[in-house]
Amino acid sequence: MAGLRRFGAAVARHGFVASGRLDGYWERNLQPWDMAAGQIIVREAGGMVSGIEGSDDPLKTGSVICGKNRPCRAGEDPEAAGK
């Protein structure tokens with residue numbers, strides 16, 4: 001497979017996670033300027049951001065994974081999940 005379809009810049013996908021449009025997001029081979037602002041946005045929204053390996057710094061490795069802190073269960077209202 002050549003790759004997955006991506007919509008917009010990396011910071012846009014971070015914003016989608018922060019707003020709840022996406023449950024999570026990961027990508028490799030990014031530059032620090034591609035994800036620095038997005039990390040702040042996700043963390044300020046209560047989400048988590050990490051390197052793909054778990055303990056690495058995504059700004060140094062270029063690999064990032066982020067998501068909301070609390071997963072929703074099937075059938076659960078996503079708006080009520082954060083309350």
Side-chain angles (χ1 to χ4, degrees):
M1 175 168 39
L4 298 172
R5 176 81 174 150
R6 293 179 182 90
F7 301 100
V11 71
R13 291 184 290 280
H14 282 88
F16 291 159
V17 170
S19 70
R21 287 184 73 184
L22 289 176
D23 291 331
Y25 158 71
W26 63 269
E27 191 165 352
R28 295 182 183 271
N29 304 318
L30 293 170
Q31 297 297 324
W33 53 82
D34 291 329
M35 62 182 132
Q39 287 187 30
I40 294 169
I41 293 168
V42 171
R43 288 182 176 140
E44 288 295 316
M48 57 74 65
V49 179
S50 175
I52 289 179
E53 301 299 324
S55 61
D56 54 335
D57 182 358
L59 293 176
K60 292 180 181 173
T61 64
S63 299
V64 64
I65 186 167
C66 64
K68 50 188 190 173
N69 254 354
R70 184 182 163 318
C72 291
R73 290 178 174 64
E76 183 178 40
D77 178 12
E79 296 298 321
K83 297 177 182 174

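Numbers here are sequence positions counted from 1.
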Checklist line | side chain to side chain contact (heavy atoms under 4.5 Å, CB included) assessment of L59 paired with Q39 | finding: CA-CA 9 Å; L59 293 176; Q39 287 187 30; 3.5 Å; yes
Check: Does the R43 side chain pair with the main chain of M48, one donor and one acceptor, at a distance under 3.5 Å?
Finding: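 Checking the backbone N and O of M48 against the side chain of R43, no donor-acceptor pair under 3.5 Å is found.
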Notebook entry, point to check: Hydrophobic cluster mates of I41, side-chain heavy atoms under 4.5 angstrom, ILVMFWY only, any path?
Noted result: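 Hydrophobic cluster check, I41: joined to V11.
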Notebook entry, point to check: Do Y25 and V64 touch side chain to side chain, with heavy atoms closer than 4.5 Å?
Noted result: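 Contact flag for Y25/V64 side chains = yes.
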Next item on the list: Run the numbers on E27 and M35 for side chain to side chain contact (heavy atoms under 4.5 Å, CB included), then give the verdict.
Entry: CA-CA 10 Å; E27 191 165 352; M35 62 182 132; over 6 Å; no
Check: So how far is it from W26 CH2 to I65 CD1, rounded to the nearest 0.5 Å?
Finding: 9.0 Å
Notebook entry, point to check: Can you tell me how far OG1 of T61 sits from CG of D56, rounded to the nearest 0.5 angstrom?
Noted result: 4.5 Å
Margin query: Let's go through C66 and H14 carefully: what are the C-alpha distance in whole Å and the side-chain angles of both, what is the deciding distance for side chain to side chain contact (heavy atoms under 4.5 Å, CB included) to 0.1 Å, and is it a yes or a no?
Written below: CA-CA 8 Å; C66 64; H14 282 88; 3.9 Å; yes
Check: What pair of heavy atoms forms the shortest contact from V49 to P58, and how long is it?
Finding: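 Result for this residue pair: CG1-CG, 4.4 Å.
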Notebook entry, point to check: Taking it one step at a time, do D23 and K68 satisfy side chain to side chain contact (heavy atoms under 4.5 Å, CB included)?
Noted result: CA-CA 6 Å; D23 291 331; K68 50 188 190 173; 3.2 Å; yes
